[in-house]
2 protein chains.
Amino acid sequence: MTKGGPQARQRIVAGAADMISRRGLNATSIREMAKHAEAPLGSTYHYFPEGKQQLATEAVRYAGETIARMLRKELEAGPVAGLRAFLGLWRTIVIDTEFRAGCPVLAVSIEEPPPGEIPPALAAAAAVFDDWEKLLANSLREHGAAPGQAEQLATLTVAAVEGTVAMCRAKRSIEPLDRTAEQLQALIAGAIKG
Amino acid sequence: MTKGGPQARQRIVAGAADMISRRGLNATSIREMAKHAEAPLGSTYHYFPEGKQQLATEAVRYAGETIARMLRKELEAGPVAGLRAFLGLWRTIVIDTEFRAGCPVLAVSIEEPPPGEIPPALAAAAAVFDDWEKLLANSLREHGAAPGQAEQLATLTVAAVEGTVAMCRAKRSIEPLDRTAEQLQALIAGAIKG
DNA sequence: CTCTGGCTATAACGCTCGTCATAGTCTAGC
DNA sequence: GCTAGACTATGACGAGCGTTATAGCCAGAG
């Protein structure tokens, strides 16, 4: 049986991350998230009593952790290998979904917060970006890059990939990602040698 | 008088671009766009008979042209000057709006299109990115960069800036943009010398 | 068997959405 | 002044939204 039980919670979170990565947070309704996960609407409020914000927050963290785990593993073979895996992951997502999906973390980042407060989903997105950057920067430093350079390069890499994925979706072409990939690889390869 | 007349059309488009850059396309309603431009709701359907899609398309083109015009002008002083102006523009937007606004072109790019068709606003976003890239690439080539390198660097620049602006919004900090700025400036300065 | 507590089913709340229709107002040109 | 056409005012349409409430199911502990 794939339905019911606590594993439904997991399915809802994963499905929410997927839907947010396609349509953005605001265009993704709780009803659709439930349907997509084959869970009843009532269950979403059972598992996520704080409503949509909580669900979005967990979806962002889930996607962030999934990618961070992959990054950590691939970075063991060095920064260039890690970068290649990072780029390859996004390449697969964009192509397999026919340019329909992107990054849920970016999607959450560009929604205006209500005045005077920071929604938890937005804070989670910031934490995910920080996480990814730190993983890259640490690996760069460990392989001989200057500390300041490592930080800047890590930020540039994450930002460029996020931006390029969005550009690929608009253009319905993978070419921007391949161009960005070449530039970043040359950059990072150079930084750990100099 | 600031109300009424054909100049209302302009105000609606400019206001729509601003609102989309803050909340994304889906979270921006026609009613709010009208109110924001101090125009009656009926007027939006008078000026934009195809409804929201048309308004979004014009908003994307408007924002794209505004920035392209600025880029064209600043690039006359060379690629590094153009890049600096580009970065400075986004820096101002992000800071002046207290991390609430970003790029409307990016915002439109990450909305899932209906199956089997490409909404005009998405096509317009792709065209705007192309425009910006071509301006940068041409300037790079004119200043001695190798053609392939120029194209890749232009794509990287646009993507990195777009991605960084989103990161700045999530983190509520301008630091990512300053880091990206340093890296891109070094890169572009290097490319037109070698 | 009974009872408890996790999960589901169903319906409703007030609200906003995109869009359309219709009638009214205003202004320029004759 | 009068008429045409650009613009506005108003209200409605069905639909979907996030959220809440209430009652029901049903496995497993006692």
Side-chain angles (χ1 to χ4, degrees), chain A residues 1-17 19-20 22-60 107-108 111-114 117 119-122, chain B residues 1-17 19-20 22-60 104 107-108 111-115 117 119-122:
Chain A
M1 194 63 66
T2 77
K3 277 194 196 172
Q7 69 269 43
R9 207 193 123 100
Q10 243 260 60
R11 279 207 320 279
I12 295 173
V13 172
M19 298 185 74
I20 291 171
R22 295 171 184 266
R23 328 188 187 180
L25 177 51
N26 222 288
T28 303
S29 77
I30 293 204
R31 273 172 246 259
E32 285 175 318
M33 298 193 217
K35 184 163 292 186
H36 184 275
E38 291 179 292
L41 172 60
S43 293
T44 61
Y45 284 94
H46 175 73
Y47 292 120
F48 311 94
E50 328 234 319
K52 193 178 185 179
Q53 268 298 322
Q54 185 187 357
L55 185 36
T57 305
E58 298 209 21
V60 167
V108 164
E111 310 244 343
E112 188 177 46
E117 63 179 296
L122 186 59
Chain B
M1 194 66 62
T2 77
K3 276 195 198 172
Q7 69 269 42
R9 208 194 122 100
Q10 242 259 58
R11 280 206 322 278
I12 295 173
V13 172
M19 298 185 75
I20 292 171
R22 295 171 184 266
R23 327 189 186 177
L25 176 52
N26 224 291
T28 303
S29 76
I30 293 206
R31 273 173 246 262
E32 285 173 319
M33 298 193 216
K35 184 164 293 183
H36 184 276
E38 291 179 291
L41 173 59
S43 293
T44 61
Y45 283 94
H46 175 74
Y47 293 119
F48 311 95
E50 327 233 319
K52 195 179 185 179
Q53 267 299 321
Q54 184 186 358
L55 185 36
T57 304
E58 298 209 20
V60 167
V108 164
E111 310 244 344
E112 187 176 46
E117 62 179 295
L122 186 58

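All chains are named by letter (A, B, ...) in the order of the sequence lines, taking the proteins before the strands, and each is independently numbered beginning at 1. Just so you know, these numbers come straight off a predicted model, no measurement behind them.
For A:Gln53, the side chain to side chain donor-acceptor pair (under 3.5 Å) test picks out no residue, with sequence neighbours left out.
Of all the heavy atoms in A:Met19 and A:His36, the pair that sits closest is SD-CB, 3.7 Å. Contact between A:Glu32 and A:Ala27 at its shortest, heavy atoms only, is OE1-O, 3.9 Å.
Side-chain contact between A:Ile12 and A:Glu58 is absent, with no heavy atoms from C-beta onward closer than 4.5 Å. Here the side chains of B:Phe48 and B:Val13 are in contact, with some heavy-atom distance below 4.5 Å. Contact annotation: the side chain of A:Pro49 approaches that of A:Gln54 to within less than 4.5 Å [non-hydrogen atoms, C-beta and beyond].
Within 4.0 Å of B:Thr28, counting heavy atoms only, lie sugar-phosphate atoms of the nucleic acid but no base atom. Counting non-hydrogen atoms under 4.0 angstrom, B:Glu32 reaches the backbone sugars and phosphates but no base.
Taking 4.0 angstrom as the limit, B:Ser29 places none of its side-chain polar atoms (N or O) nearer than this to OP1 or OP2 of C:dT16.
Looking at the side chain of B:Tyr47, the nearest of the listed nucleotides C:dA9, D:dT8, C:dT19 is D:dT8.
In this structure, B:Lys52 places its NZ atom 15 Å from P of C:dT16, rounding to the nearest Å. Per the geometry, OH belonging to B:Tyr45 stands 6 Å off P belonging to C:dG18, to the nearest Å. Per the geometry, CD belonging to B:Glu38 stands 15 Å off C1' belonging to D:dT8, to the nearest Å. Atom-to-atom, CG of A:Leu41 to P of C:dA12 comes out at 15 Å; the value is rounded to the nearest Å.
Residue B:Arg31 places a side-chain atom within donor-acceptor reach of the base of C:dG18, judged by atom type and a 3.5 Å distance cut-off alone.
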Within the sub-3.5 Å range, which N or O atoms of nucleotides 22-25 of chain C have a protein N or O partner, and how far apart are they?
none

